[in-house]
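Since the structure comes first, as structure tokens, the remarks are kept for the end.
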Amino acid sequence: MPIATINPATGETLRTFDALTPEQLEHKLQRASDAFSRHRRTSIAQRAEKMRRAGELLDAEKEKWARLMTMEMGKTLAAARAEAEKCAWVCRHYADHAERMLAARPVDVGGTARGEVHFLPIGAVLAVMPWNFPFWQVFRFAAPGLMAGNVGLLKHASNVPQCALAIEEIFLRAGFEEGVFQALLIGSDAVAGILDDPRVAAATLTGSTPAGQSVAERAGRNLKKTVLELGGSDPFIVMPSADLDAAARTAARARCINNGQSCIAAKRFIVHAEVADAFAERFVAEMRRLRVGDPMADGTDVGPLATAAIRDEVAEQVRASVKAGARVLTGGEPMEGPGFFYPPTVLSEVPEDAPAYHEEVFGPVATIFRAAGIDEAIALANDSVFGLGSSVWTRDEDERRRFVDEIEAGMTYVNAMVASDPRLPFGGVKQSGYGRELGEFGIHEFVNIKSVWIEDGAPETLPDAE
Ligand code: NAP
């Protein structure tokens with residue numbers, strides 16, 4: 001894939017970049033290693049001051065960052081502004097809480113000894129990131145990582161190089177030393193060599209399942225830890241006790257957020273038979289109401305898909321599903337024009353052998369399923385290789401408990417759409433990946449959890465050797 005900015009609203013190539021040469025890459029890896037030896041010795045309070053400053057820059061220059069995101073990957077300007085604000089929030093969150101999250105914890109080991117658990121930095125962490133939330137995906141890794149004393153190496157998606165460089169600039173202007181956070185303009189073919197390099201301690205990848213498999217395999221060979229945030233095909237379950245109007249409104253938003261390109265977008269709508277027709281009617285009306293168009297314009301709800309290849313893949317998944325027997329309730333064909341637009345689409349009666357049944361559709365395409373009761377709803381929800389988020393709509397306490405306990409997903413939101421939040425862990429099960437970002441669990445993924453035993457007096461008994 002060329003490293004280039006191609007405006008998805010017009011198809012125009014605005015800027016291309018050369019990939020780093022092997023010598024330039026070597027220089028950056030060494031710089032990361034040198035920076036780590038100093039960054040790890042800074043206090044958490046010093047790091048927090050810089051992280052807060054990064055948050056201030058995100059807020060103060062929100063409009064500039066938002067326009068950059070919209071230009072490179074087509075999200076609406078309103079969504080891009082909200083993304084910049086959320087990045088500022090995650091910077092503030094870890095600046096405020098890292099001290100507590102990383103504080104050594106005493107453990108009662110009896111006798112005259114003191115037990116402690118310490119959380120220490122591990123080194124340079126490689127982050128392989130996707131284009132869909134080009135700032136947020138990076139900040140949600142970098143804010144806890146840098147606060148923990150690690151340094152970051154970013155291999156961003158090839159279609160958002162200017163976002164990658166902008167984030168490096170933000171951390172530098174915030175006061176972090178050169179080398180603490182670096183964007184590497186490289187193709188995915190250079191990732192394996194970086195994972196082999198002893199100066200790189202671990203890797204985190206957000207992206208597709210095949211990319212996750214490839215990175216996990218190489219990192220595993222090197223015995224390096226990985227966190228993987230991969231694809232999803234989230235269920236959105238509606239039961240008879242739900243507020244149908246609120247559910248339908250949220251359903252359209254949850255499916256079309258970020259132009260339909262979110263890992264945690266609701267993708268499969270599983271509705272109890274008693275309310276299936278009433279929900280479908282409201283949902284289709286909400287999907288038709290969304291305005292598709294120029295992502296820079298006020299009032300646009302859905303912009304273009306990020307690349308021509310993604311638009312073509314979505315169109316093919318829908319075409320093949322219709323051929324297999326799915327019914328189109330709205331949308332269903334790519335839109336005319338130079339940009340990569342695809343309309344909000346709803347499919348029903350999707351057979352099991354249709355691509356839209358099992359595959360992740362990364363565009364504004366919803367599938368509706370009818371369930372006879374809660375057992376069938378849960379079975380349908382779990383009939384997926386993915387297990388990222390899930391949204392359930394019910395006012396019944398027993399149903400809530402069953403959904404929370406039995407849906408195979410990293411997240412279950414009740415009467416709300418799934419959304420990431422710096423305070424809560426984020427991640428999936430099954431082929432949606434492993435490990436967690438955000439919350440306290442997120443900052444603990446890439447630290448050395450060190451046990452410390454301090455003997456202050458004469459030990460009466462020695463601990464067992466192991
Ligand atoms: P992608 O093709 O997997 O790309 C993601 C990143 O991985 C890019 O930087 C890409 O580089 C790199 N990459 C691709 N193949 C690689 C390989 N074999 N080895 C090393 N790096 C590789 O994914 P995408 O199409 O951009 O993003 C959409 C996918 O991401 C969807 O499946 C979505 O659900 C998932 N996603 C998951 C989360 C989550 O938190 N769980 C969040 C957002 C998106 P190039 O650009 O150079 O190819």
Side-chain angles (χ1 to χ4, degrees), residues 1-6 8 17 19-20 72-75 83 126-141 153-161 163-164 183-196 200 203-219 226-234 257-267 305-314 317 359-363 384-390 409-411 418-421 424-438 442:
M1 243 174 112
I3 302 174
T5 301
I6 299 170
F17 293 81
L20 294 178
E72 286 204 306
M73 54 67 64
K75 70 175 57 209
E83 183 164 339
L126 173 68
V128 181
M129 291 289 141
W131 45 265
N132 61 341
F133 292 91
F135 269 50
W136 170 244
Q137 307 287 5
V138 178
F139 277 94
R140 81 179 184 189
F141 133 79
L153 291 165
L154 168 66
K155 182 270 178 272
H156 217 327
S158 295
N159 56 330
V160 289
C163 287
L184 310 175
L185 295 189
I186 50 172
S188 58
D189 54 346
V191 168
I194 298 175
L195 292 168
D196 290 345
V200 173
T204 178
L205 177 140
T206 300
S208 60
T209 300
Q213 285 164 326
S214 158
V215 164
E217 201 176 318
R218 194 67 172 219
T226 47
V227 165
L228 301 180
E229 301 286 2
L230 308 178
S233 189
D234 285 8
I257 191 163
N258 211 35
N259 309 342
Q261 305 159 120
S262 167
C263 53
I264 48 167
K267 292 173 185 142
L305 298 184
T307 66
I310 294 162
R311 191 262 324 266
D312 294 346
E313 192 182 345
V314 168
Q317 286 171 306
E359 294 174 9
E360 177 184 30
V361 182
F362 221 52
S384 170
V385 294
F386 298 110
L388 194 53
S390 52
M411 296 162 277
V418 183
S420 58
D421 183 310
L424 281 168
F426 182 97
V429 296
K430 297 160 85 176
Q431 286 191 20
S432 291
Y434 52 74
R436 291 293 179 267
E437 294 193 284
L438 301 176

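Whatever order the structure lists ligands and atoms in, that order sets their numbers, starting from 1. This structure is a prediction, so every number in the text was calculated from the model and none was measured.
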Could you go through residues 129-139 and list every donor-acceptor pair under 3.5 Å that involves a side-chain atom there, pairing it with any protein atom two or more places apart or in another chain?
residue	atom	partner	partner atom	Å
Asn132	OD1	Gln137	NE2	3.3
Asn132	ND2	Gln261	O	3.1
Trp136	NE1	Ser420	OG	3.2
Gln137	OE1	Arg140	NE	3.4
Gln137	OE1	Arg140	NH2	3.0

Q: Give the C-alpha distance, both sets of side-chain angles, the deciding distance and a yes or no for side-chain contact (heavy atoms from CB on, under 4.5 Å) between Leu438 and Leu424.
A: CA-CA 6 Å; Leu438 301 176; Leu424 281 168; over 6 Å; no
Q | Leu184 and Leu154: CA distance, side-chain angles, deciding distance, side-chain contact (heavy atoms from CB on, under 4.5 Å) verdict | A | CA-CA 6 Å; Leu184 310 175; Leu154 168 66; over 6 Å; no
**Q.** side-chain contact (heavy atoms from CB on, under 4.5 Å) between Phe426 and Met411, worked out
**A.** CA-CA 7 Å; Phe426 182 97; Met411 296 162 277; 3.6 Å; yes
Q: Go through Lys430 and Val385 one step at a time and tell me if the side-chain contact (heavy atoms from CB on, under 4.5 Å) criterion holds.
A: CA-CA 6 Å; Lys430 297 160 85 176; Val385 294; 5.9 Å; no
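Side chains of Thr5 and Glu72: a donor on one and an acceptor on the other come within 3.5 Å.
Under 4.0 Å from any atom of ligand 1, one finds heavy atoms of residues Met1, Val128, Met129, Pro130, Trp131, Asn132, Gln137, Arg140, Lys155, His156, Ala157, Ser158, Ser188, Val191, Thr206, Gly207, Ser208, Ala211, Ser214, Val215, Glu229, Leu230, Gly231, Gly232, Cys263, Glu360, Phe362, Leu388, Phe426.
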